[in-house]
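Please read all numbers here as calculations on a predicted model, not as lab measurements.
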Amino acid sequence: MAVLAQTDERPWLEELNPEQRAAATHDGGPLLILAGAGTGKTTTLCARVAWLVSSGVPSERILLLTFTRRASREMLQRARGLVPASSRVLGGTFHSVAHRLVRRHAAALGLPGGFGVLDAGDAADVLDLLREEAGHARSKTRFPKKGTLLDIYSRTVNAQQPLSGVIEEFFPWVSEHREAISALFRSYTARKRELGVCDLDDLLLYWRALAADEVIGPRLAAAFDHVLIDEYQDVNGLQVDLARSLGSHGPTVTAVGDDFQAIYGFRSASAAHILDFPEHFPGTRVVTLERNYRSTQPVLDAANALAAQAQRAFPKRLRADREGGVRPRVVWVRDEAAQAEEVCDRILEAREQGMELRSQAVLARTSHDSDLLELELTRRRVPFHKYGGLRYLEAAHVKDFVATLRLVDNGADDVAWFRVLQLVEGLGPVSARKVIAAMSGELEAVPDRLAAWASARQLVPAAARESADALIAALREARAEARPGPRAEGLRDVLAPLIRLRYPDGVLRLQDLDQLVSAAHQATDPRHFVAELVLDPPSSSADIAQPPHLDEDYLTISTIHSAKGLEWDSVHVLAVYDGNFPACMAAGTSESIDEERRLLYVGMTRAEDRLVLTRVRERHGVPTGGAQFLDELGL
DNA sequence: ATACGACGGTTTTTT
DNA sequence: ACCGTCGTAT
């Protein structure tokens, strides 16, 4: 192919620097792009997709695996902008791609056709149910709670490590319950089978099982010529297995990442995987991107100084492409209330000077760090949008609604029954349990609990019976309605009075449900509406109906985890002091301190021009002590 | 016996 | 927001 013709037809290649272009146009074996923060990683990956497509690779034979759905959407959109033919590139998270594959091979895996997908909250609810059934809830010794149980379980799956090792290394305080936990996990697996559901970890496990199959494995891989994986520093061992399986059966694998932005260790991810990539994929070409186009040098100097303190890391320095800049500032404030006022003042001041809210962000270690700031912003009527933290699907009323949707698809989902029955006033956990037991029959699991309602309803306290009847009738009607929109509407209508009664702000909460109903109207695949909701959860109620209005100016508040890959002119990082950031939970090992340090690094490198870190002197009247990370910045 | 409101202590980060 | 506990109403 003539070089001249190439650049003529692909002006976007001209805009890349030599390293970026080398990566985008690499032809041959596996490719690893080590791309520091702000070095044009997304640009390069999009250009590579566009280059592949314009070189004749059919777009549907390209698989783009990203960490979040948002990243996938953004990249596909940009690639389409460069080369319209990129429109059929298959993109998504590991989990959403797994769902597609597992769905297609459900029968081979022994799963029902319309199997459900449990999100983290649902999985925890199943574990809680089993925990209760096993009598751990009322035992003398403190037994780990559902959230901890799920964390432990997920570790064993994602790190592919036996339970005893996981407990010893990460959860030593529950070691006295090791046997009971082991038994609980066995019943968890069995229960999921009975319910005909998968949790998020199962999706990856099933994908790997398919990949390992002699017939199916090679066929899955043969569907693609190229597999591109974003944020490779955040994959775990299970995901590495998937990548390697694909790579060994045909497709060329391209991975992009930065070992110093690995911040998902708690999910069993490890930066070791990106460093092992050349070993796992023989013949790998490594391209390193170091020129930073995002930030000014003073911002990078501080980030580099922080990075240099890591116990274990591969030395690298980001060099700014842009001139000038001001030094990042550390601002001392008395307490969290003062921090809220101070940050709010500074943001408004910057807006006065012409910096729109949309080019400013407030980042925090935990979603909770911004509570007071959110109150202050609301008080002063400053519009903001919060990412991370409590998710839409985790709100109690949304879970109520989703549980009814699940019941319509799967009458055997006892976790959903347990939740939905208790919405009826006067019907509590004890009665709900009895009713479910009666509906499922003593010996044989009846797949459809609805059929046994006539007799089971006797167990409902008389005062609640009529209301429960209405709920059941609505479920029957919903089942008769195949279209997801009207179906969701019917369920919303029957839940409406119950939710208004249960929650003091019920009217507001109902509006959230309205948005879910309108999302249901637009559902492409009615059978999998709920599963897709779980895999692509809207970050807030506003995201469901439409993306936020583009003409509205609003501030972004986000956890650093949710801010990955994004950038703003001005960034505030809240509450950087020992015990909060680094979190006290991380105080134990140098690796966990390193991960906290990398997290701050990710936060700082989101800033283009202005970076302010706040340090709080006291908390609830108690002095906070040092701030290790701020001392390391060399400011 | 069961349901439920009130109260106080706790909460990392996410597909 | 969640969890466990306790007192009160049914």
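Counting any heavy atom pair closer than 4.0 Å across all strands shown, A:Phe67 reaches sugar-phosphate atoms only and no base atom. Across all strands shown, A:Ser431 has heavy atoms under 4.0 Å from sugar-phosphate atoms exclusively, and none from any base. A:Glu595 comes within contact range of no nucleotide atom at all, as no heavy-atom separation falls under 4.0 Å. Nucleic acid contact for A:Pro429: sugar-phosphate only, since backbone atoms but no base atoms lie under 4.0 Å from a heavy atom of the residue.
In this structure, A:His99 and A:Phe115 have perpendicular ring planes: the angle between them is above 60°, well past the 30° mark. Between A:Tyr188 and A:Tyr153, the ring planes are perpendicular. Angles over 60° get that label, and only those under 30° would be called parallel.
Comparing atom distances between the A:His561 side chain and each of B:dA3, B:dC4, B:dT14 picks out B:dT14 as nearest. Picking from B:dT14, B:dT15, B:dT2 the nucleotide with the shortest atom distance to the side chain of A:Tyr264 gives B:dT14. Listed candidates were B:dT14, B:dT2, C:dA1. Nearest to the side chain of A:Ser562 is B:dT14. Here B:dT15 is the nucleotide among B:dT15, B:dT2, B:dT13 with the atom lying nearest to any side-chain atom of A:Thr93.
Rounded to an integer number of Å, the gap from A:Asp199 CG to B:dT14 C1' is 14 Å. Straight-line distance from the CG atom of A:Leu149 to the C1' atom of C:dC2: 15 Å, rounded to whole Å. Residue A:Asp122 contributes atom CG, which lies 17 Å from atom P of B:dT14 at whole-angstrom precision. Atom CG in A:Leu238 sits about 21 Å away from atom P in B:dT14, given to the nearest Å. C:dC2 atom P lies 10 Å from atom CG of A:Asp400, rounded to whole Å. For the pair A:Asn158 CG and B:dT13 C1', the computed distance is 15 Å after rounding to whole Å. B:dT13 atom C1' lies 19 Å from atom OH of A:Tyr601, rounded to whole Å. Summarising the geometry, the separation between CD1 on A:Ile593 and P on B:dT13 is reported as 17 Å, rounded to the nearest angstrom.
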Give each protein N/O atom lying under 3.5 Å from an N/O atom of nucleotides 3-10 of chain C, with the pair distance.
from: C:dC3; atom 1: OP1; to: A:Lys146; atom 2: NZ; distance (Å): 3.0

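Listed for the A:Ser175 side chain is a donor-acceptor partner under 3.5 Å among the backbone atoms of A:Pro172.
Sorted by first and then second residue, the salt bridge (charged side-chain N to carboxylate O under 4.0 Å, His left out) pairs with a member in residues 196-206 of chain A read A:Lys192-A:Asp199, A:Lys192-A:Asp202; sequence neighbours excluded.
Comparing A:Pro461 and A:Leu150 by the nucleotide of DNA chain B that holds the closest heavy atom to each, the one mapping nearer the 5' end is A:Pro461. Looking at which nucleotide of DNA chain B each of A:Val430 and A:Val534 is closest to, the 5′-most match is held by A:Val430.
The pair A:Arg406-A:Asp122 meets the salt-bridge criterion, with a side-chain N (NZ, NE, NH1 or NH2) lying under 4.0 Å from an Asp/Glu carboxylate O.
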### Query
Do A:Glu169 and A:Gln161 pass the side chain to side chain contact (heavy atoms under 4.5 Å, CB included) test, and can you show the C-alpha distance, the side-chain angles, and the key distance before you say yes or no?
CA-CA 11 Å; A:Glu169 194 176 342; A:Gln161 217 184 324; 3.4 Å; yes
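In the model, A:Gln160 has a side-chain atom that pairs as donor or acceptor with a side-chain atom of A:Arg208 under 3.5 Å.
Regarding contacts with the backbone of B:dT14, a side-chain N or O of A:Thr559 is found under 4.0 angstrom from either OP1 or OP2. Note on A:Arg509: a side-chain N or O is less than 4.0 Å away from OP1 or OP2 of C:dA1.
Using a 5.5 Å limit on the distance between ring centres and a 30° limit on the angle between planes, the aromatic ring of A:Phe266 counts as stacked on the six-membered base ring of B:dT13.
With sequence neighbours left out, A:Glu466 forms a side-chain hydrogen bond (donor to acceptor under 3.5 Å, both in side chains) with no residue at all.
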